[in-house]
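In listed order, ligands and their atoms are each counted from 1.
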Amino acid sequence: MRIAIGSFVQESQFFSPVKGSWQHFGPEQIARGQAMLDAAAGTGSEIAGAMDTAARHAVRLVPLLRAMSSASSAPIVREVYESIRDELLARLSDAMAEPVDGVLMVMHGAMSAEGYDDATGDVLQRVRQIVGPRVPLVATLDLHANITRLMCRVADGLVGYLTFPHVDMYETGARGMRLLIDAVLGRAKPVTVMAKLPMIVPAENAQTTHGVIHDLLQAARAHLRTPGMLDISIFPMQPWMDVPEAGCAVVVVADESQRGRAEAIAAQLADAWWRRKEEHRVELAPTEQTIAEALASERKPWVLADSADAPSSGAPGDSTVTLQALLDARPAKDCYTNIVDAPAVAAMIAAGVGHEVTMSLGARSGTTLYRPLTVSGRVRLISDGAFVHKGEGFHGATMHRGRTVVLQAGCVHIVVMERACIQWDPELYRSVGLEPKDAQIVIVKSPAGFRAAYSPFAAEIRVLDAPGVCTPNLTTLPYARIPRPMWPFDPLQDWRADGA
Ligand SMILES: [Zn+2]
C-alpha cells in the first residue's frame with residue numbers, strides 16, 4: 001500500500017496586524033520529501049503518529065512536503081500561500097506517476113490566505129482533483145479548526161485533536177492513518193458529516209480536561225460504540241476567524257451506510273453543547289490587582305496568562321501591558337515575562353552582555369491597543385533562541401524564536417525575542433537560564449495550552465484582563481464577516497435557527 005502524506009499548517013487570526021509571510025515559513029519550517037519524515041521521526045507530532053502506524057501496516061509512505069508556520073498570524077499573503085500550496089500539489093502530481101492508494105493531509109483547519117477564507121478546504125479540494133474521486137483522503141486537524149462544508153465534501157475523513165491543551169498530536173496522526181488504511185482496504189467507506197453551531201467561544205474555557213468540551217468528548221466516545229461510527233471530533237473553533245462560514249462544529253465520520261445515524265449523533269451532541277454554551281464565558285483577573293496579590297503571596301510561582309497577546313492564538317507577542325504592570329509594581333521577588341522586539345534584540349546584542357541599556361520595548365506590530373515602553377536594565381544573556389519542547393504538546397519539536405536576550409530590570413527578567421513563538425513550554429524560560437519554579441510571577445502568553453506543562457508546579461494560575469488582539473472578550477472585537485445571528489453577539493434560541 002502506497003500512501004502520500006503532506007502537511008500545511010497555519011492558524012489565522014484576522015485581527016492580528018501581522019500577515020502570514022515567508023517570515024513564518026522560513027527554511028526551518030518547510031521540509032520536503034524524506035526530510036519531512038526524518039524531522040518528524042521520534043517526535044510527538046501527527047506525522048510521527050502516522051509514520052509509526054504506517055510502519056505497523058507495511059504501508060509505504062510517499063512524503064510530499066510539510067510547511068508549518070512558526071506562529072499564528074493574520075491570513076497568509078496570497079503569493080506565499082499559493083507558492084507553498086502549488087509546490088505541495090506538484091509533488092503529489094509527481095508521486096502519482098505510480099498511483100497512490102490514499103492521501104493523509106496533516107492540516108490545522110483554521111488556515112486562511114488572501115482570497116482564500118477556507119484555505120484548508122482549498123488545499124484538500126485540489127488534492128482531491130489530482131487523485132480523483134476514488135482514492136481515500138483523510139485530513140487531521142487541530143481542535144480549533146473551522147470546519148466547512150467544502151472540507152466535509154472533499155475529504156473522506158476529518159479527524160481532530162481530542163485534547164486542549166493539545167497533547168494528542170501523535171495519537172491524532174495515528175487515528176487518521178488507521179482510518180485511511182481501513183478505507184484503502186475497503187473495511188469502511190467513510191463519509192464525514194457535521195453539525196455546525198452559530199457560536200464562537202473563547203479558548204480559555206474550551207479545555208478538554210474538565211467542563212463542557214470534556215463532557216461532550218465522553219459522550220462522543222460512547223457514541224463510537226454505535227455500529228458504523230468511525231470517528232467523532234468536537235471543534236470549538238478558534239474565535240478570531242472573521243469568515244462567512246465561522247462557527248463551532250461537531251464532526252462524525254461514519255460508514256456511508258450509516259450516514260443518517262451519524263447526522264443524528266452530530267445533532268444530539270450539538271444540542272448538548274448548545275444547552276451549556278454559557279459555560280464558555282471567561283472570568284478574567286484584573287491585571288494590577290492580581291500582580292499585587294501574587295507578590296504578597298507566600299506561595300510560588302503564580303502563573304499569569306496574558307492570553308490576549310498569545311502568539312499561539314495569532315497575537316504579535318509584543319504587548320507591553322503586563323510588562324508595564326510588573327515594572328510599576330517594583331517587585332522585590334523575581335518575575336519573568338517575555339516580549340517580541342527584533343530591533344531591541346539587535347540593540348542589546350550590540351551593547352553586549354553585562355551592559356546597562358535604556359531602550360524602547362514592544363508594540364512594534366503597529367497595534368494601537370498598547371504603546372512602546374522605555375525600559376532600563378542590564379543585558380544578562382544572549383542566545384540563538386532555539387529550544388526544544390519537553391512537555392507533551394509538540395514534544396521534541398524545536399522552536400525558533402530568533403535571537404533572544406534576557407534583560408533584567410530590577411527583579412523583572414524580560415526575555416526579549418526576535419520572533420513570536422508558542423508559549424506552552426517552560427523551556428521558553430529554562431532555555432535562557434530562568435527556572436519558572438524559582439519565580440514569584442511567570443507571565444505566559446497563552447490562553448490554555450500552557451496548563452499541561454505549568455499546572456503540575458504552579459501555585460496559582462489566573463487569566464489576566466488585558467487588551468490585545470486575542471482577547472477572550474469577543475464582543476469587543478470588530479467582526480465584520482461572520483454569519484449573524486451568532487452567539488454570544490445575538491440572542492438565539494436554537495442552534496438550528498438558520499435552518500442548517
Ligand atoms: Zn489549537
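Not counting sequence neighbours, the partners of Tyr429 by the ring-ring contact (aromatic ring centres under 6.0 Å, His included) test are Tyr336.
Contact check for Val201 versus Pro239: no side-chain heavy atoms found under the 4.5 Å cut-off. A heavy-atom distance below 4.5 Å is found between the side chains of Val243 and Ser112.
Applying the side chain to side chain donor-acceptor pair (under 3.5 Å) definition to pairs two or more places apart or across chains, those involving residues 150-162 are Glu46-Tyr161, Arg128-Asp156. The list of salt bridge (Lys or Arg N to Asp or Glu O under 4.0 Å) pairs with a residue in residues 3-27, not counting sequence neighbours, reads Lys19-Glu114.
A salt bridge links Arg496 with Asp271: the closest approach of a Lys/Arg side-chain nitrogen to an acidic carboxylate oxygen falls below 4.0 angstrom.
Listed by chain and residue number, the protein N/O/S atoms under 2.8 Å of the Zn ion (ligand 1) are Asp142 OD1, Asp142 OD2, His144 ND1, His166 NE2, with waters left out.
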